[in-house]
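Notes follow the structure.
Quick note: numbers below take in every heavy atom, side chains included, and nothing from hydrogens, waters or symmetry partners.
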Amino acid sequence: MSRPDAPAEQPPAPASPASRRARLIGRALGLVRPVLIDKVERDHRQSDGQFLRRRIVVGVTIVVGATLLGLSFSVDPGDPTFYPLTFGLAAVWVIGSFASGPLHLGRILSRGELRRPIIAPIVVGLLLAAVFIVGALVFRLIPPLAGLAEDVLGYARYGSIAIITAITLVNGIAEELFFRGALFAAIGVRHPVLISTLLYGLATVAGGNPVLVFAALVLGLVVGLQRRAGGGVLAPILTHITWSMTMLFALPPIFAA
């Protein structure tokens, strides 16, 4: 007696748009969670003397840096004085950072191993830039806010784009060395993300532009979480420069339109 033919296997049903979105969101969370949320173990203890010294150096540095920041944004866009002032500002942040004590690059837990964070911080920087670009599309429709944004963008419009790019890159690195490196370590264990973010915003007040302060608070919160999670400045640096370089080239066309 012959056996009946076995039924043909049915191809798997195509995934629904909702399930595809869920998978993408899950992958995105899996990529950024280690760099923003999951805190790795590390031993960055300081003696009382080292902690006091770091606090003194950080205090002096933030006063000098805020003063230079205010002077930088007091000159008119296109004024060549802006360049040495901003490079000098970066030098202040860097010198203060290394003079305060040891700094750490940090690690995140990836695929069961502790690794230097590279890809995830860049992704976070791009996502943050996308949020700011959406916000810029709204800002440009509100004249007072558009005017504040133009005050900052004027330095990119009327200056040398090559030098402005170098300033953006160098200052992004320098700010993270200081605010998420030296300053974060000088705060201690009680609310370092919140305090470092507020001090970063407060230092930016010297620039005299509320848009800069708002951007500093949002960025500071994100990179502060990265510093808390990974214990170092590498992730904050990569996120900061990815965000700031994207803003440098994306915002001028948006507001020009």
What about Ile56 and Leu103, same hydrophobic cluster or not, with Ile/Leu/Val/Met/Phe/Trp/Tyr joined at side-chain heavy-atom distances under 4.5 Å?
-> no
Mind running side-chain contact (heavy atoms from CB on, under 4.5 Å) on Leu68 and Leu85 for me, showing each step along the way?
-> CA-CA 7 Å; Leu68 269 179; Leu85 284 173; 3.9 Å; yes
Kindly say whether Leu89 contributes a backbone atom to a donor-acceptor pair with the side chain of Asn171 at under 3.5 angstrom?
-> no
At what distance, to the nearest 0.5 angstrom, does CG of Leu198 lie from CG of Leu217?
-> 7.0 Å
To the nearest 0.5 Å, what is the distance between CZ (Phe214) and CG (Leu148)?
-> 12.5 Å
Give the minimum heavy-atom separation between Ala90 and Val170, together with the two atoms involved.
-> CB-CG1, 3.6 Å
Main-chain N/O of Gly232 paired to Arg107 side chain as donor or acceptor, under 3.5 Å = no
Looking only at heavy atoms, the pair that brings Ile133 and Ala250 closest together is CD1-CB, 3.9 Å
Per the side chain to side chain contact (heavy atoms under 4.5 Å, CB included) rule, which among Val63, Val58, Val57 passes with Thr61?
-> Val57
Establish whether Ile161 and Tyr158 are linked, either directly or via other cluster members, by ILVMFWY side-chain heavy-atom contacts under 4.5 Å.
-> no
Val131-Ile122 co-clustered via ILVMFWY side chain contacts under 4.5 Å | no
Indicate if Leu137 and Ile142 have the same hydrophobic cluster label, given that clusters are the connected sets of ILVMFWY residues with side-chain heavy-atom separations under 4.5 angstrom.
-> yes
Aromatic ring centroids of Phe139 and Phe255 under 6.0 Å?
-> no
Where Ala66 and Ala206 come nearest, the two heavy atoms and their spacing | O-CB, 3.2 Å
Nearest-0.5 Å distance, CG of residue Leu71 to OG1 of residue Thr86 = 11.5 Å
Name the one of Tyr200, Phe184, Trp93 that satisfies ring-ring contact (aromatic ring centres under 6.0 Å, His included) with Phe178?
-> Trp93
Measure across Ala174 and Val94 and return the closest heavy-atom pair with its distance rounded to 0.1 Å.
-> CB-CG2, 3.6 Å
Answer yes if Ile95 and Val233 sit in the same cluster of Ile, Leu, Val, Met, Phe, Trp and Tyr residues linked by side chain heavy atoms under 4.5 Å apart, and no otherwise.
-> no
Run the numbers on Phe132 and Thr246 for side-chain contact (heavy atoms from CB on, under 4.5 Å), then give the verdict.
-> CA-CA 10 Å; Phe132 271 78; Thr246 305; over 6 Å; no
Just by modelled atom types, is the Ala186 backbone N or O under 3.5 Å from a matching donor or acceptor in the Arg55 side chain?
-> yes
So, for Pro236 and Glu176, which heavy atoms are closest and what is the spacing to 0.1 Å?
-> CB-OE1, 3.2 Å
To which residues is Leu114 joined in a hydrophobic cluster, defined by side-chain heavy-atom contacts under 4.5 Å among Ile, Leu, Val, Met, Phe, Trp and Tyr, whether direct or through other members?
-> Val40, Leu109
Kindly indicate whether the side chain of Phe249, heavy atoms from C-beta on, has any atom under 4.5 Å from the side chain of Thr165.
-> yes
Minimum side-chain heavy-atom gap Trp243-Val223 below 4.5 Å | no
Find the distance between CZ (Phe179) and CD1 (Ile187) and round it off to the nearest 0.5 Å.
-> 10.5 Å
Got a donor-acceptor contact below 3.5 angstrom from the Thr197 side chain to the Gly220 backbone?
-> yes
First locate atom CD of Glu175, then atom CG of Leu69, and finally report the distance between them rounded to the nearest 0.5 Å.
-> 8.0 Å
Should we count OH of Tyr83 as having more than 12 external heavy atoms under 6.0 Å?
-> yes
Any residue meeting side-chain hydrogen bond (donor to acceptor under 3.5 Å, both in side chains) with Ser100, in chain and number order, not counting sequence neighbours | Arg54
Whether Tyr155 and Phe82 hold their rings parallel, tilted or perpendicular, with breakpoints at 30° and 60° = parallel
If we only count heavy atoms from C-beta on, is the Leu128 to Val218 side-chain gap below 4.5 Å?
-> yes
Any donor-acceptor pair under 3.5 Å linking the side chain of Arg116 with the backbone of Gly106?
-> yes
d(Ile164 CD1, Leu169 CG) to nearest 0.5 Å is 12.5 Å
Compare all side-chain heavy atoms of Ile118 with those of Leu234 and state whether any distance is below 4.5 angstrom.
-> yes
How close do Phe51 and Ala185 get, heavy atom to heavy atom, and via which atoms?
-> CE1-O, 3.4 Å
Can you find a heavy atom in the side chain of Met245 that is under 4.5 Å from one in the side chain of Thr168?
-> yes
Does Pro117 reach the side chain of Leu238, with side-chain heavy atoms less than 4.5 Å apart?
-> no
Side-chain donor or acceptor of Arg228 paired with backbone N/O of Ile37 under 3.5 Å = yes
Could you tell me whether the side chain of Pro121 reaches within less than 4.5 Å of the side chain of Thr242, counting heavy atoms only?
-> no
Test item: Ser97 side-chain N/O and Leu177 main-chain N/O as donor-acceptor pair under 3.5 Å = yes
Taking side chain as C-beta onward, heavy atoms only, is Gln226 less than 4.5 Å from Leu36?
-> yes
